Amino acid sequence: MSSTAIPAPVLPLRQGTAGTEPVAIPQLGFGTYKVGDADAERIVDQALQVGYRHIDTAQMYGNEAGVGRALAACGIPRDQLWITSKLNNPNHRRDDALRSFDATMADLQLDVLDLFLVHWPLANSPGIDLVDTWRTMIEILQSGRVRAIGVSNYQEEHLRTIIDATGVTPAVNQVELHPYLTQRELRTAHEGLGVVTESWSPLGRGRLLEDPELARLAEELGVTPAQVIIRWHLQHGLVVIPKTTHVERMRANADVFGFELTAEQMAAVDALDRGLRTGSHPDQVQV
């Protein structure tokens with residue numbers, strides 16, 4: 001593959017164990033939520049051709065094998081790729097987590113994963129313990145088969161519980177975050193703890209694309225509303241993983257490095273916050 005990589009900045013990740021090599025995550029990636037396994041190889045291949053080098057998947061998505069086929073066929077040097085996956089909800093207990101991680105690695109056809117996340121905290125699920133799950137994640141990190149570990153959909157109290165118990169800080173917390181749900185308090189907590197914030201559903205599952213204020217800003221800048229939103233994420237220092245199955249939108253979503261939002265424009269987007277979730281609240285997801 002001869003495509004040129006997107007010029008995405010990288011953010012350094014705080015490692016959980018002493019002596020590990022520092023790693024940095026590309027700030028712009030490509031999400032694969034709701035991409036079926038049969039389509040994943042083609043769509044991820046298209047994203048790689050556009051220039052994405054950061055691919056986000058999960059056990060829950062059921063498409064790791066398709067993603068793995070695309071990675072195996074792409075011809076891009078492994079050290080130029082960043083691959084994230086996530087532990088599925090039924091797999092929190094140690095033996096299940098270790099077994100499922102082995103399956104993830106086999107499906108992705110990788111020797112080393114870049115980032116492995118706990119997908120949901122399941123903080124009130126019978127028989128599942130936040131700290132025990134995190135200790136298993138630390139065990140996976142110490143095996144050398146993943147460069148960094150983190151969490152997804154954790155609230156501040158969840159983060160503090162696992163950090164206080166283990167002394168190991170998640171490198172990343174991937175949460176629903178977009179201009180209608182800016183997560184300002186959680187982002188502030190992340191900054192204090194040394195956790196990188198990653199945004200899923202960064203376009204609010206498309207709901208924000210019709211927002212009049214975002215349309216006004218897009219016209220002002222000569223770009224699309226989606227480009228305004230992605231640029232807003234980047235300028236807030238967030239990792240952002242927009243997902244689309246259309247090549248034209250893949251290209252547009254990546255074409256966000258030739259303009260900047262002013263402080264006033266950033267504030268205008270910030271002001272759209274209404275605490276609106278398009279996905280589940282972390283407390284509602286249990287097994």
Side-chain angles (χ1 to χ4, degrees), residues 1 3 5-6 8 10 13 15-16 20-21 23-26 28-92 94-120 133 136-153 170-172 174 196 198 200 239 241-245 250:
M1 181 178 294
S3 64
I6 293 165
V10 297
L13 296 184
Q15 289 300 287
T20 55
E21 180 184 351
V23 296
I25 184 171
L28 178 61
F30 182 77
T32 63
Y33 177 58
K34 290 193 174 179
V35 175
D37 191 67
D39 296 321
E41 181 177 358
R42 172 180 56 83
I43 290 170
V44 170
D45 177 71
Q46 290 171 342
L48 294 169
Q49 289 188 47
V50 167
Y52 291 89
R53 295 295 182 264
H54 171 180
I55 306 295
D56 181 276
T57 183
Q59 295 175 354
M60 186 183 293
Y61 302 167
N63 62 19
E64 289 175 312
V67 172
R69 291 191 296 272
L71 298 175
C74 72
I76 299 170
R78 177 66 183 91
D79 62 3
Q80 295 179 21
L81 295 169
W82 180 277
I83 313 300
T84 297
S85 194
K86 311 176 195 77
L87 182 72
N88 200 3
N89 292 344
N91 300 329
H92 275 228
R94 179 180 179 276
D95 289 349
D96 294 330
L98 297 177
R99 172 194 49 76
S100 69
F101 181 74
D102 286 341
T104 284
M105 299 300 281
D107 284 343
L108 290 173
Q109 302 185 49
L110 298 177
D111 294 322
V112 178
L113 186 65
D114 296 290
L115 179 64
F116 194 46
L117 308 177
V118 183
H119 207 148
W120 290 90
T133 301
T136 303
M137 295 291 285
I138 296 168
E139 184 178 344
I140 293 171
L141 176 65
Q142 292 172 337
S143 76
R145 299 176 70 199
V146 64
R147 301 174 69 205
I149 55 171
V151 296
S152 182
N153 301 299
V172 168
Q174 186 184 117
V196 167
E198 184 169 8
W200 65 258
V239 176
I241 47 170
K243 170 252 175 176
T244 180
T245 58
M250 291 181 195

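This one's a predicted model, so the numbers in the text were calculated from it and none came from an experiment.
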For the atom pair OG1 (Thr84) and CZ (Arg147), what is the distance rounded to the nearest 0.5 Å?
-> 10.5 Å
Decide yes or no for Leu98 and Thr136: does some side-chain heavy atom of the first lie under 4.5 Å from some side-chain heavy atom of the second?
-> yes
Starting from the C-alpha separation in whole Å, work towards a yes-or-no answer on side chain to side chain donor-acceptor pair (under 3.5 Å) for Trp200 and Asp56.
-> CA-CA 10 Å; Trp200 65 258; Asp56 181 276; over 6 Å; no
Give a yes-or-no answer on whether the side chains of Gln59 and Asn91 include a donor-acceptor pair shorter than 3.5 Å.
-> yes
Determine, for Arg69 against Asp37, whether the closest basic-nitrogen to carboxylate-oxygen distance falls under 4.0 angstrom.
-> yes
Indicate yes or no: does Arg42 engage Asp45 in a salt bridge with an N to O separation below 4.0 Å.
-> no
Hey, is the main chain of Thr57 close enough, under 3.5 Å, to the side chain of Lys86 for a donor-acceptor pair?
-> yes
By side-chain hydrogen bond (donor to acceptor under 3.5 Å, both in side chains) - contacts of Thr133 (at least two apart) = His92
Does the salt bridge (Lys or Arg N to Asp or Glu O under 4.0 Å) test come out yes or no for Asp114 and Arg78, once each step is laid out?
-> CA-CA 10 Å; Asp114 296 290; Arg78 177 66 183 91; 2.9 Å; yes
Got Leu87 and His119 here, is their nearest side-chain heavy-atom distance under 4.5 Å?
-> no
Check whether the side chains of Trp120 and Asn88 place a donor and an acceptor atom closer than 3.5 Å, and report yes or no.
-> no
Take Leu113 and Phe101 through the side chain to side chain contact (heavy atoms under 4.5 Å, CB included) test and state the conclusion after the steps.
-> CA-CA 10 Å; Leu113 186 65; Phe101 181 74; 4.0 Å; yes
Student check: side-chain heavy atoms of Met137 and Val151 closer than 4.5 Å | no
Heavy-atom distance under 4.5 Å between the side chains of Ile43 and Thr32, does that happen here?
-> no
Minimum heavy-atom distance Ala148-Val23, with the two atoms named | CB-CG2, 4.3 Å
Residues Lys34 and Asp39 bridged, charged N to O under 4.0 Å = no
Do we see a donor-acceptor contact under 3.5 Å between the side chains of Thr104 and Glu64?
-> yes
So how far is it from Leu115 CG to Leu13 CG, rounded to the nearest 0.5 Å?
-> 7.0 Å
Mind listing the closest non-hydrogen atom pair of Val67 and Ala40 along with its distance?
-> N-CB, 3.9 Å
Shortest non-hydrogen contact from Met250 to Thr245?
-> CE-C, 4.3 Å
Does the side chain of Leu28 reach to within under 4.5 Å of the side chain of Ile6, using non-hydrogen atoms?
-> yes
Value rounded to 0.5 Å, distance of CZ in Phe116 from CG in Leu141 | 12.0 Å
Would you check if Asn153 and Gln174 make a side-chain contact, meaning some heavy-atom pair closer than 4.5 Å?
-> no
Between Arg145 and Asp102, is a salt bridge (Lys or Arg N to Asp or Glu O under 4.0 Å) present by the stated rule, with each step listed?
-> CA-CA 10 Å; Arg145 299 176 70 199; Asp102 286 341; 2.6 Å; yes
Scanning both residues in full, the closest heavy-atom pair of Gly29 with Pro242 reads O-CD, 3.4 Å
Spacing of OG belonging to Ser85 relative to CE belonging to Met105, to within rounding of 0.5 Å = 9.5 Å
Looking only at heavy atoms, the pair that brings Leu71 and Cys74 closest together is O-SG, 3.2 Å
Main-chain N/O of Trp82 paired to His54 side chain as donor or acceptor, under 3.5 Å = no
The reported gap from CD1 in Ile55 to CG in Leu108 (rounded to nearest 0.5 angstrom) is 11.0 Å
Interatomic spacing from CG in Leu81 to CG in Leu48 - rounded to 0.5 Å | 6.5 Å
What pair of heavy atoms forms the shortest contact from Ile140 to Ala97, and how long is it?
-> CD1-O, 4.5 Å
Checking Tyr33 side chain against Ala58 main chain: does a donor-acceptor pair fall under 3.5 Å?
-> no
